[in-house]
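Down below is the structure, laid out as structure tokens.
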Amino acid sequence: MEKITESIFAVGVNDYQVDLFEGQYVVPHGMAYNSYAVVDDKIAVMDTVDAHFTQEWLDNLSQTLAGRKPDYLVVQHMEPDHSGSIAAFMAAWPEAKIVSSMQAFAMMKNFYGTDFPERNMVVKEGSTLELGKHVLTFVAAPMVHWPEVIVTYDSLDKVLFSADGFGKFGALDVEEDWTDEARRYYIGIVGKYGPQVQALLKKAAGLDIQKICPLHGPVLTEDLGKYLKLYDIWSSYGVETDGVFLAYTSVYGNTRKVVEALAQKLRAAGCPKVEVADLARTDLASAVGNAFRFGKIVLATTTYNTDIYPFMKNFIHHLTERNFQKRKVALVENGSWAPLAAKVMRTMLANCKDLVFTDTTVTLKSAANADTDAQLDKLVAELMA
Ligand code: FEO
């Protein structure tokens with residue numbers, strides 16, 4: 001139990017057992033499912049935790065409340081990592097009411113068979129819940145990250161309970177850089193919904209926020225401008241880091257050699273940051289995060305069964321489904337008899353907004369030859385322009 005303010009307490013849990021968060025993201029440092037108790041004349045609990053941790057969470061709550069009973073359970077988001085212990089809460093405290101959006105109650109019935117019709121309070125944008133000195137105001141945040149999501153502002157302590165927003169992978173007792181794991185989390189999970197996040201940021205700009213309490217990752221208490229700025233960049237598909245990200249696949253190492261030569265030339269030309277990823281041997285979510293981090297990307301792959309190599313195909317699919325846009329893109333293709341990887345990649349990216357392809361596309365027929373170096377130099381000049 002951690003004290004966030006004099007009357008707001010963190011009561012969530014750490015999960016070190018999860019192998020893949022949401023069934024697809026590696027979380028080498030575990031995951032935190034946060035929950036908070038706002039203790040006043042009345043007590044509100046903000047969200048529950050994953051069903052594997054129900055008892056630990058109920059124990060945290062009981063210890064924090066020291067014999068008092070919660071009056072309200074506020075459900076900001078219905079994804080099971082947060083809603084998995086609703087039924088246990090409602091059973092443990094039969095006089096408590098459950099507070100959420102209309103859409104969340106519909107989901108609750110679908111997930112858990114009941115929306116607690118005798119005990120529920122439906123709230124919407126601008127609704128308030130008075131606890132005493134604390135007054136909670138609910139703000140609709142559709143698609144951050146599901147349609148039913150609300151976030152909550154406490155005007156007494158100037159705290160924003162931000163649901164999945166401003167979350168990161170990793171348990172709370174892990175010391176690691178916030179930005180990399182928050183980017184991997186944001187781009188992977190919410191990246192498709194940039195306009196909706198922008199809408200929420202505009203609403204948040206009208207509030208005096210001193211602390212952000214997300215449902216994953218640490219409570220943010222200082223330098224909030226840094227986090228808000230990163231969210232503004234990510235959700236507007238802006239450039240976070242000046243430089244080039246080179247993503248490649250290679251069957252026998254020939255494409256890799258050319259990508260490494262290109263990276264070397266970019267560094268020699270003064271490119272501020274060059275990041276290289278072998279898509280077959282790197283975490284996909286990190287690579288996807290880097291594609292949205294940098295303003296320029298090089299995609300290098302082989303022609304394969306009149307298509308492209310599967311790791312690159314999957315990677316590009318992950319980009320397009322997250323509305324990849326506003327980037328300079330260079331293509332490197334390899335093909336031993338009929339190279340067409342560049343054409344396939346270009347077609348896959350055809351519906352992305354505001355992509356600028358370099359004039360130079362590097363084509364290899366199995367391996368680098370006498371012309372390759374000159375092609376790479378041309379490409380470097382375009383990427384550095
Ligand atoms: Fe952490 Fe969208 O659930």
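Here the structure is a predicted model, which is why all the values come from computation and not from measurement. Remember, it's 1-based here, ligands and their atoms both numbered in the order they're listed.
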Can you measure from [atom1] ([X]) to [atom2] ([Y]) and round to the nearest 0.5 angstrom?
X: Ser162; Y: Met46; atom1: OG; atom2: CE; result: 10.0 Å
X: Leu319; Y: Ile297; atom1: CG; atom2: CD1; result: 5.5 Å
X: Leu379; Y: Thr372; atom1: CG; atom2: OG1; result: 12.0 Å
X: Arg256; Y: Leu246; atom1: CZ; atom2: CG; result: 14.0 Å

Any N/O/S of [X] under 2.8 Å from atom 1 (Fe) of ligand 1?
X: His216; result: yes
X: His82; result: yes
X: Glu79; result: no

Practice task
Identify, by name, the N, O or S atom of Asp81 lying closest to atom 1 (Fe) of ligand 1.
Solution key: OD2

Problem - His145 ND1 and Asp164 OD2 subtending at atom 2 (Fe) of ligand 1 (10° steps) - result: 90°

Problem - Side-chain heavy-atom pair Leu228, Phe166 within 4.5 angstrom cut-off - result: yes

Problem - Metal check, atom 2 (Fe) of ligand 1 vs Glu22 N/O/S, cut-off below 2.8 Å - result: no

Problem - Proximal heteroatom of His77 relative to atom 2 (Fe) of ligand 1 (N/O/S) - result: NE2

Practice task
Give me the one residue out of Met345, Lys343, Gln375, Arg346 that meets side chain to side chain contact (heavy atoms under 4.5 Å, CB included) with Thr361.
Solution key: Arg346

